[in-house]
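To keep things clear, I will list the structure first and then write my remarks on it.
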Amino acid sequence: MQDSSSQLVIRRPDDWHVHLRDGAMLKAVAPATARVFARAVVMPNLKPPVTTVDQARAYRQRIVEAVPADVRFEPLMTAYLTDHIDPAELERGFSEGVFTAAKLYPANATTNSAAGVSDLSRISKVLERMEAIDMPLLIHGEVTDADVDVFDREAAFIESHLIPLRQRYPSLRIVLEHITTEQAVDFIRTESLAGDSRLAATITPHHLHLNRNAMFLGGLRSDFYCLPVVKRECHRRALVKAATSGLSCFFLGTDSAPHPRSGKESSCGCAGIFNAVHALESYAAVFEQEGALEHLQGFASEHGPRFYGLPLNNESLTLVKRQQTVPKTLEDSGLEAGEWPVLFHAGETLNWSVHVDGQAETN
Ligand code: NCD
Ligand code: ZN
């Protein structure tokens, strides 16, 4: 990493959690991720969900076709766990290099999760197999009980599901995804410092910038509604400290989750924030505010591959200290007029701009 006050050169990063969708939305959003990130762990919550090796292979091909040919980008596919998924199918996908990991959505926890797992006991054979073959388990860590407050669902999940899961499968490689609370930070950090190197967490840019006031600023703001929902300021502070700490158990996962405008701006708006276009600049802003830019490369480009046992990227990219104002949306012919998702940071000025060698600058 080279650092001067006007630019920062870092190893090319990866995004360890992204929603690229399908069809016109895929074509519209995939280039933004591929421009900056060399690899991305792609979520399987399509309709229907990606549960088989053939589906994942075909989806991977559609992603590759949606990205400009001159960009090196590798989609890392995930299998969507259901109550009935076959451990042999998972193992086959993993050994053939199609599945990088499997995703656990508690049934009905979030967007397109109705086919998720209704009870962890139903997938015990699957988890045993994953532990045996060292296939990572990616967890949406929220309980779904109607009597648990939506702001408490992550902390409740850790107590009632994650701690027992860890005890039962001590060698299973687990990522607690898009963490949002100080309870999650404390749990991951404590276990990691105690020597558990198979437990990690991803952190999104929006959970580093927003507290729950954002959803109610001057009215009901669906642009800032995602799952797990953003929490109180004390939780945001804990996440900022974790991300910028340099600890290898925390790494980058944007959870960029685009929805058409009509899906967000409705009386029952969808959860998800579309941050792919300025994700790295957004993280850089937080690391700069904390005086921790020297830890950005580890968080964005090194902790993730090491956890997954994958090589570090050889290319670099440059963050240039040049202000840019984020537009509300980007135009794209593949989507209906007015349906392009609102960009995270719309209307704000960011201090950094990503410059990718050999590619035109965006601003
Ligand atoms: C995601 C989506 O839209 O698919 N939404 C979100 O708010 N993060 C699903 C998810 O990751 O929970
Ligand atoms: Zn997600």
Side-chain angles (χ1 to χ4, degrees), residues 14-27 29-30 33-34 37 39-67 73-118 120 122-123 126-127 129-130 133 135-142 144 172-178 202 204 226-228 253-259 263 270-274 276 304 308 310:
D14 305 295
D15 184 349
W16 299 98
H17 179 134
V18 70
H19 299 267
L20 294 178
R21 313 302 193 202
D22 214 341
M25 186 63 92
L26 167 65
K27 293 197 178 82
V29 304
T33 292
F37 299 103
R39 295 168 291 203
V41 170
V42 182
M43 289 299 118
N45 61 334
L46 303 182
K47 285 184 199 163
V50 179
T51 54
T52 67
V53 181
D54 284 352
Q55 283 174 317
R57 212 179 243 121
Y59 183 34
R60 182 170 67 182
Q61 185 57 28
R62 295 197 295 281
I63 295 169
V64 167
E65 284 163 13
V67 169
F73 176 68
E74 187 185 354
L76 303 175
M77 310 311 291
T78 54
Y80 181 118
L81 297 180
T82 68
D83 285 351
H84 307 292
I85 196 148
D86 177 6
E89 179 76 357
L90 272 190
E91 179 165 3
R92 185 169 73 85
F94 187 61
S95 65
E96 290 179 9
V98 179
F99 290 141
T100 293
K103 173 74 188 222
L104 169 64
Y105 290 106
N108 302 314
T110 187
T111 309
N112 296 345
S113 63
V117 174
S118 63
L120 280 176
R122 297 193 178 222
I123 57 162
V126 171
L127 297 175
R129 184 76 65 99
M130 289 176 66
I133 63 175
M135 180 177 189
L137 175 70
L138 315 184
I139 302 182
H140 183 110
E142 288 192 288
T144 55
L172 184 59
R173 201 173 289 276
I174 296 175
V175 184
L176 185 59
E177 304 217 273
H178 42 52
T202 54
T204 77
C226 64
L227 286 170
T254 63
D255 196 17
S256 181
H259 289 275
C270 300
I273 293 178
F274 176 50
Y308 278 84
L310 293 171

Can you tell me how far the [atom1] atom of [X] sits from the [atom2] atom of [Y], to the nearest 0.5 Å?
X      : Y     : atom1 : atom2 : result
Arg129 : Leu90 : CZ    : CG    : 8.5 Å
Ser256 : Leu20 : OG    : CG    : 8.0 Å
Thr78  : His17 : OG1   : NE2   : 8.5 Å

Side-chain heavy atoms of [X] within contact of [Y], under 4.5 Å:
X      : Y      : value
Pro136 : Thr100 : no
Ile63  : Leu26  : yes
Asn45  : Arg21  : yes
Pro228 : His178 : yes

- For Asp54, salt bridge (Lys or Arg N to Asp or Glu O under 4.0 Å) partners two or more places apart: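 Per chain and number, Asp54 pairs via salt bridge (Lys or Arg N to Asp or Glu O under 4.0 Å) with no residue.
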- Task: Kindly say whether Arg122 contributes a backbone atom to a donor-acceptor pair with the side chain of Asp83 at under 3.5 angstrom?
- Result: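 Between the backbone of Arg122 and the side chain of Asp83 there is no qualifying donor-acceptor contact (under 3.5 Å).
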Please name all residues satisfying side-chain contact (heavy atoms from CB on, under 4.5 Å) with [X], sequence neighbours left out, ordered by chain then number.
X      : answer
Thr51  : Pro49, Gln55, Tyr80, Thr82, Ile85
Thr110 : Tyr105, Ser113, His140, Leu227
Glu74  : Arg39, Leu76
Arg92  : Val53, Glu89, Glu96

- Task: Identify the residue among Thr254, Ile273, Asp255 that makes a side-chain contact (heavy atoms from CB on, under 4.5 Å) with Thr204.
- Result: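 For Thr204, the side-chain contact (heavy atoms from CB on, under 4.5 Å) test succeeds with only one of Thr254, Ile273, Asp255, which is Asp255.
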- Can you tell me which residue pairs pass the salt bridge (Lys or Arg N to Asp or Glu O under 4.0 Å) test with a partner in residues 99-117, sequence neighbours excluded?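 Every salt bridge (Lys or Arg N to Asp or Glu O under 4.0 Å) pair that includes a residue of residues 99-117, provided the two are not neighbours, is Lys103-Glu177.
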